[in-house]
Amino acid sequence: MGLCVPFAVTTSFLSLGLEWDLNVRLHGQHLVQQLVLRTVRGYLETPQPEKALALSFHGWSGTGKNFVARMLVENLYRDGLMSDCVRMFIATFHFPHPKYVDLYKEQLMSQIRETQQLCHQTLFIFDEAEKLHPGLLEVLGPHLERRAPEGHRAESPWTIFLFLSNLRGDIINE
């Protein structure tokens with residue numbers, strides 16, 4: 001069973017490890033180096049966040065979206081992607097058929113709820129996010145809205161959603 005790194009230790013280890021990884025292992029992405037560290041550290045240091053943190057990484061294949069996501073996961077969780085507190089979804093693999101969107105919504109809600117009940121700090125990665133059915137994004141709404149109505153509020157206060165997308169990669173490259 002994968003274990004979450006205890007939250008009290010996470011922000012200090014995250015700052016040192018993630019900062020080193022971003023500065024030494026990542027090349028040509030200076031905006032990512034600055035923004036990801038500052039944003040994630042700030043979020044995890046918030047005593048009781050009102051909503052989940054959503055990060056969206058865009059660019060063509062090979063630009064480092066998955067690489068940075070993996071760095072973040074490895075610095076937050078001892079077992080990295082194998083942690084029970086991390087779930088990765090690939091739109092075309094996990095949610096391939098639009099006609100089953102209602103079933104996918106139930107499954108996604110269930111997986112988020114179960115993971116949040118198990119872990120104090122959770123992370124969900126959605127690869128090929130541009131291919132997600134809009135109905136699936138609705139499931140995430142209560143987690144991403146400030147002061148969600150009671151009964152719809154996220155179980156775990158520290159939840160991070162990473163969206164990895166090829167959308168607009170051509171414009172970013174220009």
Side-chain angles (χ1 to χ4, degrees), residues 1-11 13-14 17-18 21-22 32 36-37 39-44 46 48-59 61 63-98 100-145 148 151-167:
M1 174 187 273
L3 300 173
C4 293
V5 173
F7 178 73
V9 178
T10 300
T11 54
F13 281 128
L14 173 73
L18 185 59
D21 277 348
L22 290 171
V32 171
V36 169
L37 181 64
T39 302
V40 173
R41 182 190 312 153
Y43 179 73
L44 294 176
T46 303
Q48 222 170 4
E50 293 180 345
K51 62 178 184 160
L53 174 64
L55 297 172
S56 186
F57 299 165
H58 295 262
S61 295
T63 57
K65 300 178 301 287
N66 281 286
F67 186 54
V68 172
R70 194 170 44 256
M71 281 185 211
L72 183 57
V73 169
E74 289 169 355
N75 281 283
L76 282 174
Y77 303 95
R78 178 183 0 222
D79 294 336
L81 287 170
M82 300 304 293
S83 171
D84 290 334
C85 302
V86 177
R87 296 286 178 262
M88 182 166 192
F89 302 98
I90 301 169
T92 55
F93 179 76
H94 291 96
F95 316 111
H97 304 290
Y100 297 122
V101 71
D102 290 333
L103 174 63
Y104 297 151
K105 286 167 68 171
E106 288 177 33
Q107 291 172 341
L108 182 57
M109 282 190 303
S110 176
Q111 289 184 347
I112 290 172
R113 192 176 319 113
E114 288 171 12
T115 306
Q116 289 177 330
Q117 289 170 351
L118 179 66
C119 304
H120 182 72
Q121 178 180 303
T122 57
L123 194 145
F124 300 93
I125 302 170
F126 294 89
D127 199 359
E128 299 180 358
E130 74 278 7
K131 297 174 183 166
L132 285 171
H133 188 282
L136 290 169
L137 295 174
E138 291 172 13
V139 168
L140 306 179
H143 301 277
L144 299 171
E145 297 169 359
H152 292 113
R153 195 172 294 231
E155 294 289 324
S156 171
W158 287 277
T159 297
I160 299 174
F161 292 101
L162 287 181
F163 299 95
L164 311 179
S165 173
N166 295 329
L167 195 63

Taking C-beta and beyond as the side chain, do Phe124 and Leu140 meet within less than 4.5 Å on heavy atoms?
no
What I'd like to find out is whether the side chain of Asn66 reaches to under 4.5 Å of the side chain of Met88, using heavy atoms alone.
yes
So, using side-chain hydrogen bond (donor to acceptor under 3.5 Å, both in side chains) as the criterion, who are the partners of Thr39 when residues are at least two apart?
none
Any chance you could measure Arg87, atom CZ, to Gln116, atom CD, to the nearest 0.5 Å?
11.0 Å
Taking only residues two or more places apart in sequence, or in another chain, which ones meet Phe67 in a ring pair (Phe, Tyr, Trp, His ring centres under 6.0 Å)?
none
Matching residue for Leu76 among Leu44, Thr122, Val86 - test: side chain to side chain contact (heavy atoms under 4.5 Å, CB included)
Leu44
Heavy-atom closest contact (Ala69 atom, Leu162 atom, distance)
CB-CD1, 3.7 Å
side-chain contact (heavy atoms from CB on, under 4.5 Å) partners of Glu114, counting only residues at least two apart:
Ser110
Ring pair (Phe, Tyr, Trp, His ring centres under 6.0 Å) partners of Phe95, counting only residues at least two apart:
Phe89, Tyr104
Who are the salt bridge (Lys or Arg N to Asp or Glu O under 4.0 Å) partners of Glu106, not counting sequence neighbours?
none
Check whether any side-chain heavy atom of Ile125 lies under 4.5 Å from a side-chain heavy atom of Val73, and answer yes or no.
yes
Spell out, as yes or no, whether a donor-acceptor pair under 3.5 Å connects the side chain of Lys65 to the backbone of Gly59.
yes
Residue pairs fulfilling side-chain hydrogen bond (donor to acceptor under 3.5 Å, both in side chains) with at least one residue in residues 125-137, sequence neighbours excluded
Thr92-Glu128, Glu130-Ser165
